[in-house]
Amino acid sequence: MGCEHLEGIQAKHVARCPARGRRDVRAPFCRRGDGLRTWVRRGPCGPGAHPSRRLKAAVHYTVGCLCEEVASDREIRFSKQTIAAISELTFRQCENFAKDLEMFARHAKRSTINTEDVKLLARRSNSLLKYITEKSEELAQFNSEQRAKKKKKLEEENQKPVEPAEAAAAKKDNSSL
Amino acid sequence: MEGTSGGFRKELVGKLLQLHFKDDKTKVSGDALRLMAELLKIFVVEAAIRSVRQAQAEDLALVDVDQLEKVLPQLLLDF
């Protein structure tokens with residue numbers, strides 16, 4: 001107990017801590033050498049903390065949804081600890097995946113990870129590799145279909161300006177009659 | 001094609017990967033993100049289904065961490 005600036009804590013320096021909102025000897029303000037008073041912050045939210053808690057919660061939610069589907073499909077239940085364990089597992093596995101993907105891309109002298117890197121990641125199991133390759137081909141086909149659609153739409157829009165002009169000309173003829 | 005059932009959102013996958021990159025310049029293409037979302041979904045579903053099969057083999061109505069522990073080694077080897 002104590003802060004970095006004072007040898008000991010003087011009772012008169014204990015006041016309402018802004019972080020905790022109550023009188024707390026462990027979070028006093030102290031007098032720095034230059035005479036200014038500053039709050040000494042304690043707790044886990046110090047500088048350099050990883051914002052991974054929110055991500056872990058998001059992963060946990062998604063894992064929970066997926067496990068629910070499997071459970072209702074097979075008419076069985078998962079314990080809460082199991083879902084938490086799978087979610088922790090997935091979060092940790094992401095670290096391995098990320099590092100591998102980064103190295104694969106760097107090995108190919110690229111700074112952007114692409115689908116080839118992901119396919120390399122899935123090499124350990126034959127059925128997994130086959131599934132991922134199929135998905136990647138589906139995606140490529142989907143993308144080319146989208147591009148074709150966009151191109152067609154653009155061509156149609158380029159032809160449109162001609163029609164309103166014709167309609168206006170026809171209207172003019174009718175009114176003059 | 002995607003989004004048929006539960007799955008990982010692209011932004012979530014992106015942030016998860018960004019967390020562990022050593023180089024700030026490393027980016028992920030959109031297609032690679034979608035594939036990674038699929039891969040993670042398969043990972044979770046495999047873990048779940050293998051645990052269920054283990055529990056069913058042991059004649060249990062609840063899948064607990066013990067069943068997950070038994071299927072974990074092979075799961076990690078396959079990924």
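Small disclaimer: the values here were computed from a predicted structure and weren't measured. Proteins get letters first, then strands, A, B, ... in listed order; numbering begins at 1 in each.
Proximity to chain B (any heavy atom under 4.5 Å) is shown, for A:Arg110, by neither the backbone nor the side chain. Contact of B:Phe79 with chain A is made through backbone and side chain together, with heavy-atom distances under 4.5 Å. Only the side chain of A:Gln93 comes within contact range of chain B, with at least one heavy atom under 4.5 Å from a heavy atom of that chain. For A:Leu66, the part sitting under 4.5 Å from any heavy atom of chain B is the side chain, from C-beta outward, and nothing else. Only the backbone of B:Leu77 comes within contact range of chain A, judged by heavy atoms closer than 4.5 Å. Contacts of A:Asn126 with chain B are absent, with no heavy-atom separation under 4.5 Å from either backbone or side chain. Proximity to chain B (any heavy atom under 4.5 Å) is shown, for A:Glu95, by both the backbone and the side chain. With a 4.5 angstrom heavy-atom cutoff, A:Ile132 touches chain B via backbone and side-chain atoms both. Interface remark: A:Leu101 contributes side-chain atoms only to the contact with chain B (heavy atom separation under 4.5 Å).
Per-residue counts of heavy-atom pairs under 4.5 Å with chain A were compared for B:Leu17, B:Thr26, B:Val13; the largest is that of B:Thr26. Ranked by non-hydrogen atom pairs under 4.5 Å with chain A, the options B:Leu60, B:Leu68, B:Leu72 are led by B:Leu68. Comparing B:Asp78, B:Val28, B:Leu62 by how many heavy-atom pairs each has under 4.5 Å with chain A, the most go to B:Leu62. Heavy-atom pairs under 4.5 Å with chain A peak, among B:Arg9, B:Lys15, B:Met36, at B:Met36.
For the pair B:Gly7 and A:Thr62, the tightest heavy-atom approach, listed with the atom from each and the gap, is O-CG2, 3.1 Å.
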Between B:Glu58 and B:Gln54, does a side-chain hydrogen bond (donor to acceptor under 3.5 Å, both in side chains) hold up when you go through it step by step?
CA-CA 6 Å; B:Glu58 294 177 16; B:Gln54 183 67 32; 2.8 Å; yes
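Counted within 6.0 Å of CD on A:Glu145, heavy atoms from surrounding residues, nucleotides or ligands total more than 12; the atom is thus considered enclosed. Around CD of B:Gln56, the count of heavy atoms belonging to other residues, nucleotides or ligands within 6.0 Å exceeds 12. Dense packing is recorded around CG of B:Asp23, with more than 12 heavy atoms of other residues, nucleotides or ligands lying under 6.0 Å away. Counting heavy-atom neighbours within 6.0 Å of B:Arg50 CZ, excluding the residue itself, gives a total above 12.
No side-chain donor-acceptor contact under 3.5 Å links B:Ser51 and B:Gln67.
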Run the side-chain donor-acceptor check on residues 54-61 of chain A: report pairs under 3.5 Å with partners two or more places apart or on a different chain.
| residue | atom | partner | partner atom | Å |
| --- | --- | --- | --- | --- |
| A:His60 | ND1 | A:Ser87 | OG | 3.4 |

